[in-house]
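These numbers come from the heavy atoms of this one structure, side chains and all, not from hydrogens, waters or symmetry mates. None of these values were measured; they are calculated from a predicted model. Convention: sequence-line order gives letters A, B, ...; per-chain numbering from 1.
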2 protein chains.
Amino acid sequence: MSSIDLENNFANQMNLKNNRVLSESRNRKRSSAVTPVNLDSKERVKEFLDKFDFILSDCDGVLWVNNGAVKGAPEAINKLRAKGKRVCFATNNSTKTRQEFHQKLTKLGYESHMDELFPTSYSTAVYLKSIGFDRKVFIVGMSGIAGELADVGIESCGVGSDPTPRHWTPGMADVELDEDVGAVVVGFDNQISFPKLTKACSYVRDPNCLFIASNADETYPHPDPRVAVPGPGAYVAAIQAVTGKEAIPLGKPYKYFFDIIRRQHPEIDPKRTIMIGDRLTTDMVFGRNNGLKTLFVQSGIGTYDDMINFKNSNDPEDHKCVPDYYLNSLDDLNKYL
Amino acid sequence: MSSIDLENNFANQMNLKNNRVLSESRNRKRSSAVTPVNLDSKERVKEFLDKFDFILSDCDGVLWVNNGAVKGAPEAINKLRAKGKRVCFATNNSTKTRQEFHQKLTKLGYESHMDELFPTSYSTAVYLKSIGFDRKVFIVGMSGIAGELADVGIESCGVGSDPTPRHWTPGMADVELDEDVGAVVVGFDNQISFPKLTKACSYVRDPNCLFIASNADETYPHPDPRVAVPGPGAYVAAIQAVTGKEAIPLGKPYKYFFDIIRRQHPEIDPKRTIMIGDRLTTDMVFGRNNGLKTLFVQSGIGTYDDMINFKNSNDPEDHKCVPDYYLNSLDDLNKYL
C-alpha cells in the first residue's frame, strides 16, 4: 500500500542536495562563462585599473564583517580614490539610513559622502518618491527604511516588535488594519512576528497595495556556517505564498537598483564601472545585468569553489555569477597600488 | 533612462490579479470538469447516500467555525452515523492533539472515537514513527504536534514564544543548535519569530535533517475577509527560500495523508468513501487525488463562485477542485435524512 511511498519520500529527501541555484534550468543550451582573472601581479592590476573610472562597492563582506573593517580594505579604497577613481557604495543592507552608513564608514576609516551612499533603505525611498507614492508604508524591516522614507516625506509604520497578544487563539486574530497603508516594504527584520506577517499579508493582498522587496536576498550573512539566517527573501516568499502577488525587488541583482543610482549620477558610464562584491548571485549578477565589469572578493559570503562551480555549470544563468576579476580581499590590492 | 521601467513596473503590479491558482499552467490542453450536483432534493440525497459507506470529514469550516458548531451539522453527522455510515475526521489543523479534538467534537455535539481522529499533528507523528525516526523534532507549530509526537515516544522542542534577545544585532544572532534534532515539522504557529525561523532554517539546511510540513496551507481561515492569516505554507515557503530544500507535505491534498489514514483503517474502500470539505484546493483535490467522491459545503472558506470558476477554467489542474456534490452546509441534509 503506502509504506513504500512514504519511505521512498524519506529517502529522496535525505539525498536532497542544497544546490538550488545550480540545479535550476539545467536543460538549457550550453554556453561558456568568462574566465576570471586573479589580480595577483602588478601587470594585471595595472591593466585592471585602466578599465574603469567608477567603483560601485558592496559593503558587508567587502568593506567590513559585522563591526570590524576588512583588514587593509580602507587603505585600498582610499588609494583607489587617490588614483582618481570615483566610488559609490551599493549595499542590499536596509537596516540603516545613509547617515548611519556614513558614520560607520567614517568610523572604520573609509572616506564617504552622502551622495555616494546607496543602501536599499534609500533606494526604496527614492523609488516610492519617483512614482509619486503619497500613502503610508507598512514596513517589515528595520528603522533604516523608516528613516529614509521620512527623509522623502513618506510616513510609515510597522518597525519594531509586534508580539502575539495573549487573547489571540489561532482562529481569532484581532488585526487592526490602517486604511492609509498603500505599500508594504520588506527588508531584513529580526522582529518578525505573527501579527506583523498577518498585517503585511492582509495589506499586500489588497489589489491597491504595492509590494516591494528592498532586496530579496534569501539569507543574511552569519559567521557560523551551520546557521542559516533568513534574509528579506524569506519573508517575501512567505507573503507571496499567502497572497499570490510578486514583489517588486529593488536591490541587487535587479536592474532598478542601478537605475536609481544612475538617476543621481547620470555621469556613470557602465562600461567604465566596476562592481566589487562578495556575493556571486547578487553582486556579480548585478554587474553582469547592467553591463559593468565585476570584481569578486572572498572576504564575505562567496568562496573560490563557488566561483568555479558557477563557471563549470552548464546553465548560462549560472555564468552570470562568474566575475571578471577576483582577489582574496581588497587588502591584496595594496601591494600593487 | 529608467523612469519608464520603474513606472511600468508600478503599473503592472497595480493590475496584478490575486488569482494564483487559476493563473498557473494556463497553456495546457482543454479538458472538462465534472458537473457538481446540488443535493437539494430527497431523490438526489437518496442517490448520494447509496454511493458511499465511509465519510472523511474536514473539521474547521464544515463542523465548526472557531468555537461554535455549524448549525445543524452535529445532527446531520449523527443521522448519517445512524444510517450506518462510518466517519473519520481528517483535518489539516495541527494545533491540537487527537484528545483535544475529541473533547471539542464532544462538546459541540459530535460523536467521535479516538481511532477516527486524523489531525495533521497525529499524521506527522505516525509518519515519523513509520520511518523509524529516532531523533528529536524541532517544531515550528503549536502544542498539538508536540503532544502527538510525545505519544509515539518522539521528543521535540521549539513550541511557544522565542523572542529575539536584546543583545542581538542583525549580523550577530547567537543561535544555539541542538545536535539531536533530525527533523523540522512546520504547522500553524502564531508565535513565529526570528530566532525560531533561524533555527528551523539552520536545521533544515543540514542534509541529514528532514523537513516536514504537517500541512502546506498558505492561509488560515479568518472571519474578516480583509485579513490574510499566514498558514503553515507561508513558513514552509520561507524555509524553502532560505534552504533550497522542499518540504514533505503530510496534510490534504497530498496522498500520504490518505495513506496514513488507510494504514489504520485498511477496510476503507476509496470508491465507497466521500470526502466532505469547505476548501476546494485542499479537500476536493485530496478526494480527487485518492479516488474518493467529494462533497463541498459553503460553511467555511470556499464559495459557490470559486467552485464555478474552477469548473469553467481551462486548466485541468483546476478541475480537481470541482466537487461531485455541493450543499450550503451540512444542515441542508437534515430535511432529507
Side-chain angles (χ1 to χ4, degrees), chain A residues 1-3 5-7 9-10 13 16 18-20 66 95 127 130-131 142 163-164 168 170-173 175 177 188-194 197-198 201-202 205 207 210-211 218-222 226-230 233-235 237-238 240-245 248 255-256 259 262-263, chain B residues 1-3 5-7 9-10 13 16 18-20 66 95 127 130-131 142 163-164 168 170-173 175 177 188 190-194 197-198 201-202 205 207-208 210-211 218-222 226-230 233-235 237-238 240-245 248 255-256 259 262-263:
Chain A
M1 198 178 79
S2 59
S3 51
D5 279 347
L6 288 165
E7 276 133 39
N9 191 278
F10 172 71
Q13 189 167 98
L16 248 177
N18 233 337
N19 55 356
R20 180 175 74 267
N66 289 322
T95 63
Y127 173 71
S130 76
I131 59 171
M142 300 180 73
T164 303
W168 280 17
M172 306 278 269
V175 179
L177 298 175
F188 179 83
D189 190 341
N190 69 3
Q191 295 290 342
I192 194 71
S193 69
F194 181 67
L197 209 48
T198 301
C201 291
S202 302
R205 202 175 56 177
L210 283 172
F211 177 25
E218 287 90 357
T219 55
Y220 198 89
H222 193 279
R226 297 173 313 153
V227 175
V229 177
Y235 309 143
Q240 197 167 307
V242 173
T243 64
K245 202 153 147 183
I248 300 174
K255 202 177 147 296
Y256 300 114
D259 292 342
R262 282 185 88 191
R263 259 188 203 204
Chain B
M1 198 178 78
S2 59
S3 52
D5 279 350
L6 289 165
E7 275 131 41
N9 191 280
F10 172 72
Q13 189 167 98
L16 249 176
N18 232 338
N19 54 355
R20 181 174 72 268
N66 289 322
T95 63
Y127 174 70
S130 76
I131 59 171
M142 299 181 76
T164 303
W168 280 18
M172 307 277 272
V175 179
L177 298 174
F188 179 84
N190 69 3
Q191 295 290 341
I192 194 72
S193 69
F194 181 68
L197 208 48
T198 301
C201 291
S202 302
R205 203 175 55 177
N208 295 315
L210 283 173
F211 177 24
E218 286 91 357
T219 55
Y220 198 89
H222 193 279
R226 295 174 313 152
V227 175
V229 177
Y235 308 143
Q240 198 167 307
V242 174
T243 63
K245 201 151 146 184
I248 299 174
K255 202 178 148 294
Y256 300 115
D259 292 343
R262 282 184 87 190
R263 259 188 202 201

Inset, instruction - Among B:A238, B:P163, B:P221, B:A237, single out the residue with the greatest number of heavy-atom pairs under 4.5 Å to chain A. - result: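 Sorted descending by pairs with chain A, the first entry is B:A238.
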Legend entry - Most contacts with chain A, counted as non-hydrogen pairs under 4.5 angstrom, among B:V175, B:L197, B:V229, B:V227: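 Option with the greatest count: B:V227.
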Legend entry - Side-chain donor/acceptor of A:S193 to backbone N/O of B:S193, under 3.5 Å: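 Answer holds: no.
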Inset, instruction - Work out which heavy atom in B:R226 is nearest to a heavy atom in A:S202; give both atom names and the distance. - result: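 Minimum heavy-atom contact is O-CB, 3.3 Å.
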Inset, instruction - Grab the two heavy atoms, one from B:A234 and one from A:A241, that are nearest each other, plus how far apart they are. - result: CA-CB, 4.4 Å
Legend entry - Ring center gap for B:F194 and A:Y235 short of 6.0 angstrom: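 Centroid separation for B:F194 and A:Y235: 6.0 Å or greater.
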Legend entry - Engaged part of A:N190 at the chain B interface, taking heavy atoms whose separation is under 4.5 Å: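 It is both, since atoms from each part get that close.
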Legend entry - Most contacts with chain B, counted as non-hydrogen pairs under 4.5 angstrom, among A:T219, A:N66, A:D189: A:N66
